[in-house]
K.L.:
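Quick one: structure below, then a few questions.
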Protein chains: 2
Amino acid sequence: MAEPRRRRAATVEKVSRLLDATEELMLSEGYAAVSSRSVAARIDITAPLLHYYFPTIDDLFVAVLRRRAEQMLARTRAALSSPQPLRAWWELVSDPRGTGLIVEFVAAANHRPALRTEVGLVARELRRLQMEALASILGEYGLDPEDFPPALVAAAVQGLAFAVVADRAAGHDTAHEQAAAAMARLVARLEDRRERRPAE
Amino acid sequence: MAEPRRRRAATVEKVSRLLDATEELMLSEGYAAVSSRSVAARIDITAPLLHYYFPTIDDLFVAVLRRRAEQMLARTRAALSSPQPLRAWWELVSDPRGTGLIVEFVAAANHRPALRTEVGLVARELRRLQMEALASILGEYGLDPEDFPPALVAAAVQGLAFAVVADRAAGHDTAHEQAAAAMARLVARLEDRRERRPAE
DNA sequence: GCGAAGTTAGAACGACTGTTAAAAATTAGA
DNA sequence: TCTAATTTTTAACAGTCGTTCTAACTTCGC
C-alpha cells in the first residue's frame with residue numbers, strides 16, 4: 001500500500017554516468033568492448049552494481065539507445081523546421097559522435113535480438129520524421145520530387161554521413177574532407193537557390 | 001636445403017572453407033560471433049586446427065578481408081570501365097553481402113588494431129581507384145566537377161548503399177526500397193544523358 | 001532512534017574466449 | 001618401406017564474460 005520510496009539523488013546521477021561511460025566505450029573501442037565490468041570500472045563501481053541498475057547488458061544498450069534516440073529525434077525535428085533545413089540537417093548528421101554510434105548500434109543489433117527490434121523502431125521513427133518534413137520543403141529547393149523523392153534524399157544525406165565517418169575512422173585520407181567540403185558547398189548552393197524563390 | 005614439401009590438396013580447400021564460414025558468420029550474426037571454436041564448428045574441425053592455419057584470430061579476419069578486397073577491387077575496376085560505368089558501379093555496391101561485410105569490418109576495426117590498419121589500406125586503395133576513374137567520366141554525364149567532384153560522388157554512392165543496407169537490416173521498412181528504386185532511376189537517366197552526348 | 005527500503009561490495013557459478021603443448025595420425029618423397 | 005614433413009586431436013592454461021547470491025552498509029520517513 002505504502003508508495004515506494006523514491007530513489008536517492010546519487011542514483012539518478014549514477015545512471016546517467018553509466019550511460020555516458022557506455023557511449024564513450026562504444027565510440028572509442030567498439031560495442032564489443034562493452035561489458036558489465038569494463039563499463040563499471042570506468043566510473044569506479046563494481047559489476048554487480050551495474051546489474052542492480054540494468055539487470056542485463058541488453059537493458060544497458062537499450063537505455064543508451066533510447067536516450068540518444070530522443071536527442072536525435074528532437075534535434076532532427078528542430079533542424080528540419082529551422083530557417084535553413086538542409087544545412088542544419090547536414091550539420092547534424094555530420095556529427096561524428098552521433099553517426100559513429102549509429103554504426104555501432106547497427107552492427108551490435110546484428111547479434112542482439114533485443115537491440116535489433118529497438119534499433120528498428122528508432123530507425124523507422126526517424127525516417128518517418130524526415131520523409132514528412134522533406135515532402136513539404138524539397139520543392140522549395142527546386143528539386144523535382146519525381147527525380148529526388150524524399151526517400152532518396154533522406155538515404156543519401158544519412159549515407160553520405162556514414163561514408164565520411166567510416167572513411168575518417170579507416171585512416172588518414174583526404175577524400176572524406178573533399179567530400180564533406182563539396183557537400184557543404186552543394187547544400188549552401190541549394191539554400192541559396194531556395195532563398196531566391198520565396199514560397200512559390 | 002631441400003625445399004619444403006608442398007601443402008596437401010585438402011589444405012588449400014580447407015583454408016577457403018574457413019574463410020567462407022567466417023564471412024557467413026559475420027553476415028548472419030555479426031563479427032563478434034566469430035571465434036576460433038564457432039568458425040571451426042561450422043566446417044567440422046576443431047579450434048586448434050584453425051589456429052594451425054591462422055595463428056591468431058586477427059590473421060583470420062585479415063585473410064577474409066584480403067580475399068574480399070581483391071574481389072571488390074577487381075569488380076570495381078571492371079564496373080568503372082564498362083559501357084555504363086555508373087549503372088554497373090551502383091549495381092555492384094548494391095550487393096547487400098558486400099556492403100554488409102564492410103559495415104562489419106569497419107565496426108570490428110574499432111577494437112582490433114591489426115584490422116584497423118588493414119581496413120584503412122583497402123579503403124584508400126578502393127577510393128583511389130574510384131577517384132581516378134570518376135575524374136575522367138563524370139564529365140560525360142554532364143556533371144560539373146566543380147559542383148560534383150569525384151570525392152563527393154564516390155562517398156555518396158558508397159554511402160547510399162550503406163544507408164539502404166542498414167535500413168534493410170533494421171526492419172521492414174519500405175523507405176529503402178523507394179530510395180533504391182529512385183537511385184536506379186537517377187542512374188538510368190544519367191546513363192541516358194551520357195549516351196546522347198558521345199565524347200564532347 | 002527504529003524499521004524499512006534503497007544501495008553497495010565480495011565471492012562465486014558455469015560458459016566461453018584465445019591460445020599452447022604434446023602426442024597421435026596421416027601423407028609425401030626417397 | 002622407411003622417414004620426415006604435414007596435418008589433426010586431446011587436454012589444458014589463464015582470462016573474461018553475464019549473472020546471481022549473500023550479507024553488509026547507507027539513507028529515508030517516522
Side-chain angles (χ1 to χ4, degrees), chain A residues 1-19 21-22 25-26 29-64 104 107-116, chain B residues 1-19 21-22 25-26 29-64 104 107-116:
Chain A
M1 278 312 164
E3 57 250 72
R5 212 173 295 180
R6 74 154 181 279
R7 310 178 100 181
R8 299 181 196 163
T11 293
V12 52
E13 187 240 343
K14 202 160 297 175
V15 166
S16 98
R17 279 206 299 155
L18 270 175
L19 299 184
T22 307
L25 208 49
M26 288 180 75
E29 317 211 27
Y31 78 88
V34 171
S35 77
S36 24
R37 288 177 178 84
S38 67
V39 172
R42 285 220 160 196
I43 65 167
D44 271 314
I45 68 171
T46 60
L49 185 52
L50 181 148
H51 283 287
Y52 172 74
Y53 292 113
F54 301 99
T56 73
I57 294 294
D58 273 336
D59 294 329
L60 174 63
F61 274 122
V62 169
V64 171
E104 288 300 322
N110 219 338
H111 75 301
R112 285 184 173 271
L115 209 47
R116 192 188 188 88
Chain B
M1 272 316 163
E3 55 251 73
R5 213 174 293 179
R6 74 155 182 279
R7 310 180 98 180
R8 301 179 193 163
T11 292
V12 51
E13 187 241 344
K14 202 160 296 178
V15 165
S16 99
R17 280 206 300 154
L18 270 174
L19 300 184
T22 306
L25 207 48
M26 288 180 76
E29 317 211 26
Y31 77 89
V34 170
S35 77
S36 25
R37 286 177 180 83
S38 67
V39 172
R42 287 218 160 198
I43 66 166
D44 271 313
I45 67 170
T46 60
L49 185 53
L50 181 148
H51 283 287
Y52 172 74
Y53 293 112
F54 301 99
T56 73
I57 294 294
D58 273 336
D59 294 330
L60 175 62
F61 273 122
V62 168
V64 171
E104 288 300 322
N110 220 340
H111 75 302
R112 286 185 172 271
L115 210 47
R116 191 186 188 90

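Computed from a predicted model, the values in this text were never measured in an experiment. Reminder, nothing fancy here: chain letters follow the sequence lines and each chain counts from 1. Excluded from the calculations below are hydrogen atoms, water molecules and symmetry mates; all remaining heavy atoms, backbone and side chain alike, are included.
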K.L.:
Whether A:K14 contacts C:dT7 is assessed here as follows: a side-chain N or O lying under 4.0 Å from the phosphate OP1 or OP2. Is that the case?
P.N.:
no

K.L.:
List every contact pair, protein side and nucleotides 11-14 of chain D side both N or O, where the distance is under 3.5 Å.
P.N.:
residue: D:dA12; atom: N6; partner: B:R37; partner atom: NH2; Å: 3.4

K.L.:
Counting distance only, does the side-chain N/O of A:S38 pair as donor-acceptor with the main-chain N or O of A:A33 below 3.5 Å?
P.N.:
yes

K.L.:
Which residue pairs pass the ring pair (Phe, Tyr, Trp, His ring centres under 6.0 Å) test with at least one member in residues 30-55 of chain B, sequence neighbours excluded?
P.N.:
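For residues 30-55 of chain B: A:Y31-B:Y31, B:Y31-B:H111.
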
K.L.:
Quick one: B:H111 NE2 to C:dT17 C1', roughly how many Å, whole number?
P.N.:
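One finds 12 Å between C1' of C:dT17 and NE2 of B:H111, rounded.
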
K.L.:
Identify the residue among B:T22, B:L18, B:L25 that makes a side chain to side chain contact (heavy atoms under 4.5 Å, CB included) with B:V64.
P.N.:
B:T22

K.L.:
Over all heavy atoms of both residues, which pair between A:L19 and A:A63 is shortest? Give the atoms and the distance, please.
P.N.:
CD2-CB, 3.8 Å

K.L.:
How long is the line joining CG of B:D44 and P of D:dT8, in whole Å?
P.N.:
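From B:D44 CG to D:dT8 P: 13 Å.
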
K.L.:
Quick one: A:I57 CD1 to D:dC17 P, roughly how many Å, whole number?
P.N.:
9 Å

K.L.:
Can you find a heavy atom in the side chain of B:R17 that is under 4.5 Å from one in the side chain of B:I45?
P.N.:
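Side chain of B:R17 against side chain of B:I45, heavy atoms only: no contact under 4.5 Å found.
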
K.L.:
When the distance from CG of B:L18 to P of D:dT7 is rounded to whole Å, what number comes out?
P.N.:
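My rounded result for the distance is 13 Å.
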
K.L.:
Who passes salt bridge (charged side-chain N to carboxylate O under 4.0 Å, His left out) against B:R37, sequence neighbours left out?
P.N.:
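Listed in chain order: nothing, the list is empty.
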
K.L.:
Give a yes/no on whether any side-chain N or O of B:T11 is located under 4.0 angstrom from OP1 or OP2 of D:dT7.
P.N.:
yes

K.L.:
Round to the nearest Å and state the distance from A:I45 atom CD1 to D:dT26 atom C1'.
P.N.:
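One finds 16 Å between C1' of D:dT26 and CD1 of A:I45, rounded.
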
K.L.:
Can you check the B:L49 CG to C:dT19 C1' distance for me, whole Å?
P.N.:
14 Å

K.L.:
Let me confirm one number: the CD1-OG distance from B:I57 to B:S36, rounded to the nearest 0.5 Å.
P.N.:
4.0 Å

K.L.:
Verify the contact: side-chain N or O of A:Y53 to OP1 or OP2 of C:dG6, cut-off strictly under 4.0 Å; return yes or no.
P.N.:
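Answer no for this pair, as no side-chain N or O of A:Y53 is under 4.0 Å from OP1 or OP2.
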
K.L.:
Please give, in whole Å, the distance from C:dT17 C1' to B:R112 CZ?
P.N.:
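Between C1' of C:dT17 and CZ of B:R112: 11 Å.
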
K.L.:
What's the closest nucleotide to the side chain of A:S35 if the choices are D:dT19, D:dG18, D:dT8?
P.N.:
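Side chain of A:S35 sits closest to D:dG18.
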
K.L.:
Round to a whole Å and report the spacing from OH of B:Y52 to P of C:dT27.
P.N.:
13 Å

K.L.:
As a test of reading the structure: which of C:dT7, C:dA9, D:dT7 is closest to the side chain of A:T46, going by heavy atoms?
P.N.:
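Nearest listed nucleotide: C:dA9.
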
